[in-house]
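Please read all numbers here as calculations on a predicted model, not as lab measurements. Numbers for residues simply follow the sequence, beginning at 1.
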Amino acid sequence: MLNPTLTITIFTILAASHANKTVDEQGFIGHLTTSFINIVGLLTKVSHKYPNPKGCLKEDNEFDFIIVGSGPSGSVLANRLSEEECWQILLLEAGNEACPITEVPLLCGTLEFSKYNWGYKSEKMDGFCTGCIDGRMQLPHGKALGGSSVINYMIYMRGNKLDYDRWEAMGNPGWSYKDIFPYFLTAEDANITGYKDAGYHKKGGYLGVSDVTYRSRAAYAYVEAAQEAGHRFVDYNGRGQVGVSYVQTTTKGGKRVSAESAFLRPIRNRTNLFIRTGSQVTKVLIEPGSNKAYGVEFVRNGKKYKAVARKEVIVSAGGFNSPQLLMLSGIGPKNHLQEVGIPVIKDLPVGETLYDHPVFAGIIFTVNESIVLDLKSTILDPDSYVEYLQRGSGPLTVIGGVEALTFINTNISDDSDPRLPDVELIFIGGSLSVDHGVILRRLLNIPRATYDVMWKPLEGKQTFQVFPMLFHPKSKGYMKLRSSNPFDPPKFYLNYFSDPEHIDIENMIAGIREIQRIVEFPAMQKFGATIVDTPIPGCEHYAFDSDAYWECGLRTLIGSLYHQVGTCKMGPREDKEAVVDSRLRVHGIKNLRVADTSIIPLPVTAHTVEPAYVVGERGADLIKQDWGVL
Ligand SMILES: Cc1cc2nc3c(=O)[nH]c(=O)nc-3n(C[C@H](O)[C@H](O)[C@H](O)COP(=O)(O)OP(=O)(O)OC[C@H]3O[C@@H](n4cnc5c(N)ncnc54)[C@H](O)[C@@H]3O)c2cc1C
Ligand SMILES: *[C@@H]1O[C@H](CO)[C@@H](O)[C@H](O)[C@H]1NC(C)=O
Ligand SMILES: *[C@@H]1O[C@H](CO)[C@@H](O)[C@H](O)[C@H]1NC(C)=O
Ligand SMILES: *[C@@H]1O[C@H](CO)[C@@H](O)[C@H](O)[C@H]1NC(C)=O
Ligand SMILES: *[C@@H]1O[C@H](CO)[C@@H](O)[C@H](O)[C@H]1NC(C)=O
Ligand SMILES: *[C@@H]1O[C@H](CO)[C@@H](O)[C@H](O)[C@H]1NC(C)=O
């Protein structure tokens with residue numbers, strides 16, 4: 001465990017070194033955070049070693065199943081498949097085991113600047129993120145044992161019943177809500193109080209799910225105001241999703257629960273599970289002619305290895321890297337593969353569908369009492385560490401500032417079903433000004449100059465923000481390889497706000513209007529909640545608060561909430577966008593499946609970690625059925 005004195009010392013040095021910075025935009029914080037995490041990593045014992053029961057790695061090792069990637073989906077698969085004692089499983093992960101500092105919920109934002117992130121950015125395009133640094137958006141993806149669940153914000157959300165029913169209706173039997181619901185319960189170890197719906201939660205599974213017990217007074221006031229505005233108080237993982245709620249998280253005892261700590265750590269002594277970290281798969285090996293996958297090539301410590309799969313290769317490398325690996329292996333759009341010089345094995349629309357959840361951080365409120373989270377004092381105050389370490393409670397357990405969620409159904413989208421929210425309002429018990437522009441603004445690639453206009457004058461003041469997030473964007477992006485080099489980052493073209501009907505923009509504006517309406521109710525007005533009317537740089541020529549102003553603001557400062565889906569879309573052969581079938585088998589290739597968020601066919605009414613876990617659970621059952629053990 002972390003030594004409190006040491007942690008405080010390091011944070012104090014960090015804070016002091018930021019005091020009067022005039023530093024290079026891109027590099028400084030990255031280096032600082034990386035070295036901080038490295039120092040803490042060195043000084044803290046990682047007690048959960050993964051033993052290697054078979055000695056050194058040899059070339060041409062043979063296994064029954066090879067799983068590529070240890071994110072939520074891959075870790076569940078490794079766990080469930082290795083329940084079969086006679087199956088030998090190899091789990092290959094490009095990243096390494098994460099150090100315990102990653103378990104402190106409040107610090108999650110800083111992890112984006114650590115070695116546990118692949119560090120991708122979107123390609124510059126017209127019409128969105130025009131005011132971001134270089135016109136590009138940060139697209140973090142986890143690179144660690146446990147995948148993105150090691151760096152994510154820990155929001156636990158299953159999604160809407162209608163999401164899964166739609167997947168099934170699109171030609172994917174076995175994915176209806178009725179089919180999927182049992183997986184939520186199998187995995188869950190719930191400790192939530194006050195509002196859980198009977199029959200919707202369970203104790204005793206691998207995945208810890210908890211409330212955050214520490215809440216700012218602003219969060220209580222906001223949740224009350226939302227109810228005054230007519231939003232029902234709900235368990236959004238229960239009977240219905242529309243309403244307002246405090247956040248449910250993948251944490252336990254105040255600490256992050258990752259795919260590694262939940263699904264791998266408890267089974268690390270299984271002798272039939274081989275876990276290799278620092279091992280990046282560069283190619284799936286496919287027999288020409290028969291189109292049968294039989295193994296993988298991977299690189300570990302600069303050395304190339306080959307591993308053979310007697311039964312199947314399962315690609316669980318996440319929404320960006322699974323499509324990348326398929327394309328590197330010759331499975332993808334024919335023209336594109338030829339363009340980058342990769343021999344085509346199977347022409348499939350890999351990477352041609354990319355949905356994501358846009359999020360907007362340009363709405364700020366002030367209040368007239370000390371009711372918001374005080375991030376700076378929390379980080380510098382020894383007591384918060386003592387409370388955290390001794391009791392797993394206190395402000396360090398707040399997940400990066402996110403405290404409450406409202407699920408609304410605007411009248412803009414064509415989702416007429418009242419059970420299906422189209423916008424989420426994410427309440428943050430503070431604003432980007434809390435850290436003086438050191439870290440939070442960089443998550444959204446907001447330039448220092450923009451920060452200085454909008455947030456700097458608010459430093460030291462009582463502020464909070466509510467971020468609207470669009471659940472079901474109509475705009476569709478795509479991704480491509482940069483080159484045939486597996487170590488080159490792919491290119492991501494998000495196409496936000498490109499739908500010709502203009503629905504995505506209007507839907508977001510409807511979300512902004514609802515935030516403004518909620519804040520007008522007495523529970524928030526008691527604290528004089530007032531919108532900050534400093535125009536977003538670049539939008540000064542519009543009347544503040546007009547629809548045209550917000551459209552400009554959205555296009556200028558939009559960010560991603562890291563929920564990319566659809567890049568290896570699941571669907572029947574007739575579906576021109578489909579890459580895998582409903583049993584997750586790659587169309588036209590034998591013994592090769594994809595199982596992770598990339599198969600999700602539509603933007604989901606959730607943050608995607610829980611959907612990723614259930615894709616792993618469902619995938620494991622499908623594999624067991626197909627090999628006759630279930
Ligand atoms: C910063 C951030 C915050 C988020 N916050 C939330 C949140 O609060 N709530 C929520 O529900 N969701 C959140 N998400 C999304 C959620 O974490 C992901 O959707 C989920 O982890 C996806 O799981 P996965 O199994 O599909 O893939 P991933 O978690 O992406 O895991 C894929 C793994 O495969 C490895 N890999 C990739 N390529 C290779 C290769 N070639 N060889 C070997 N290994 C490889 C990667 O290193 C990685 O470990 C967040 C994501 C990020 C990045
Ligand atoms: C920062 O600047 C202030 C005044 O501008 C000065 O008093 C202070 O000592 C400086 N701090 C550091 C760490 O340089
Ligand atoms: C459940 O959470 C409460 C705090 O809300 C805590 O006191 C209790 O110890 C937790 N129980 C378990 C089993 O973790
Ligand atoms: C692994 O450890 C658990 C206890 O953590 C024990 O019950 C189990 O028998 C062990 N299995 C093997 C294969 O050693
Ligand atoms: C949608 O709601 C807004 C405000 O609530 C209202 O002004 C607008 O007329 C409504 N539009 C439709 C098409 O009902
Ligand atoms: C905050 O503002 C509200 C509404 O204007 C007012 O009623 C309240 O007295 C103010 N509180 C303080 C501490 O100024």
Side-chain angles (χ1 to χ4, degrees), residues 68-69 73 120 122-123 125 139 141 166-173 175 283-284 286 291 293 313-356 472-484 486 488-496 498-500 563-604 608 611-612 615 619:
V68 182
S73 304
Y120 298 140
S122 67
E123 296 300 305
M125 293 179 95
L139 296 177
H141 255 231
R166 284 182 181 182
W167 301 3
E168 171 152 83
M170 291 168 81
N172 299 300
W175 290 88
K283 194 178 188 181
V284 177
I286 299 165
N291 274 8
V313 174
I314 305 151
V315 178
S316 299
F320 286 161
N321 296 112
S322 286
Q324 179 195 29
L325 182 58
L326 291 192
M327 288 193 269
L328 289 169
S329 311
I331 303 166
K334 193 168 145 207
N335 290 340
H336 174 51
L337 296 186
Q338 283 168 348
E339 188 180 282
V340 291
I342 294 173
V344 182
I345 291 182
K346 178 76 191 167
D347 182 15
L348 282 176
V350 175
E352 290 187 350
T353 299
L354 198 176
Y355 290 111
D356 194 8
H472 311 128
K474 305 279 177 256
S475 308
K476 189 178 122 174
Y478 60 95
M479 62 173 278
K480 287 175 176 265
L481 295 179
R482 193 168 299 272
S483 74
S484 60
D488 262 1
K491 293 188 189 175
F492 307 100
Y493 299 90
L494 295 179
N495 264 338
Y496 279 11
S498 63
D499 65 307
H563 300 158
Q564 298 89 14
V565 301
T567 46
C568 300
K569 184 185 163 183
M570 171 171 73
R573 204 175 283 268
E574 317 79 81
D575 181 342
K576 290 204 162 41
E577 295 178 337
V579 174
V580 300
D581 69 8
S582 63
R583 303 189 74 78
L584 307 183
R585 298 174 297 206
V586 175
H587 286 298
I589 305 284
K590 296 189 195 76
N591 299 349
L592 181 62
R593 293 190 214 232
V594 178
D596 57 32
T597 47
S598 66
I599 65 102
I600 294 177
L602 287 174
V604 68
T608 41
V615 167

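- Between Lys476 and Glu577 a salt bridge is recorded (basic side-chain N to carboxylate O distance below 4.0 Å).
- Using modelled atom types, one side-chain atom of Ser316 and one backbone atom of Ala595 make a donor-acceptor pair closer than 3.5 Å.
- Considering only heavy atoms from C-beta on, Val340 stays 4.5 Å or farther from Met327 through its side chain.
- Atom NZ of Lys283 is surrounded by 12 or fewer heavy atoms from other residues, nucleotides or ligands within 6.0 Å.
- Between Ile600 and Met570, every side-chain heavy-atom pair lies at or beyond the 4.5 Å cut-off.
- Minimum heavy-atom separation, Val284 to Ala293: CG1-CB, 4.1 Å.
- The two residues Ser475 and Ser498 make their nearest non-hydrogen contact at OG-N, 3.0 Å.
- The minimum heavy-atom distance between Met479 and Leu354, with the atom names listed, is CB-CD1, 4.0 Å.
- Residues Cys568 and Thr353 fail the side-chain proximity criterion, which asks for heavy atoms closer than 4.5 Å.
- Here the shortest heavy-atom pairing between Pro489 and Arg482 reads O-NE, 2.9 Å.
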Worksheet item: After noting the C-alpha distance and the side-chain angles of Thr567 and Phe492, does the key distance pass the side-chain contact (heavy atoms from CB on, under 4.5 Å) rule?
Response: CA-CA 11 Å; Thr567 46; Phe492 307 100; over 6 Å; no
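- Counting heavy atoms from C-beta on, the side chains of Leu592 and Ile331 come closer than 4.5 Å.
- For the pair Asp596 and Ser322, the tightest heavy-atom approach, listed with the atom from each and the gap, is OD2-OG, 2.6 Å.
- Judged purely by atom type and a 3.5 angstrom limit, Ser73 uses its side chain to pair as donor or acceptor with the backbone of Ala612.
- Atom NZ of Lys334 is surrounded by 12 or fewer heavy atoms from other residues, nucleotides or ligands within 6.0 Å.
- Heavy-atom minimum distance, Pro601 versus Asn172: CG-ND2, 4.5 Å.
- For the pair Met125 and Asn495, the minimum side-chain heavy-atom distance is below 4.5 Å.
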Item to complete: Take Lys346 and Ile286, measure what side-chain contact (heavy atoms from CB on, under 4.5 Å) needs, and give me the verdict at the end.
Response: CA-CA 11 Å; Lys346 178 76 191 167; Ile286 299 165; over 6 Å; no
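- Partners of Tyr478 by side chain to side chain donor-acceptor pair (under 3.5 Å), not counting sequence neighbours: none found.
- By the 4.5 Å heavy-atom criterion applied to side chains, Trp175 and Val615 are counted as neighbours.
- In summary, the side chains of His336 and Glu352 do not present any donor paired with an acceptor at a separation below 3.5 Å, with no hydrogens or angles considered.
- Legend: residues meeting ring pair (Phe, Tyr, Trp, His ring centres under 6.0 Å) with Tyr496, ordered by chain and number and at least two apart, are Phe128.
- At distances below 3.5 Å, at least one donor-acceptor pair connects side-chain atoms of Asp356 with backbone N or O atoms of His563.
- Between Val586 and Val315 there is no side-chain heavy-atom pair separated by less than 4.5 Å.
- Within the 4.5 Å cutoff, no side-chain heavy atoms of Leu481 are placed close to those of Asp488.
- Classification of the His141-Phe320 ring pair by plane angle, with boundaries at 30° and 60°, yields parallel.
- Contacts classified as ring pair (Phe, Tyr, Trp, His ring centres under 6.0 Å) and involving residues 571-597 (residues at least two apart or in different chains) are not found.
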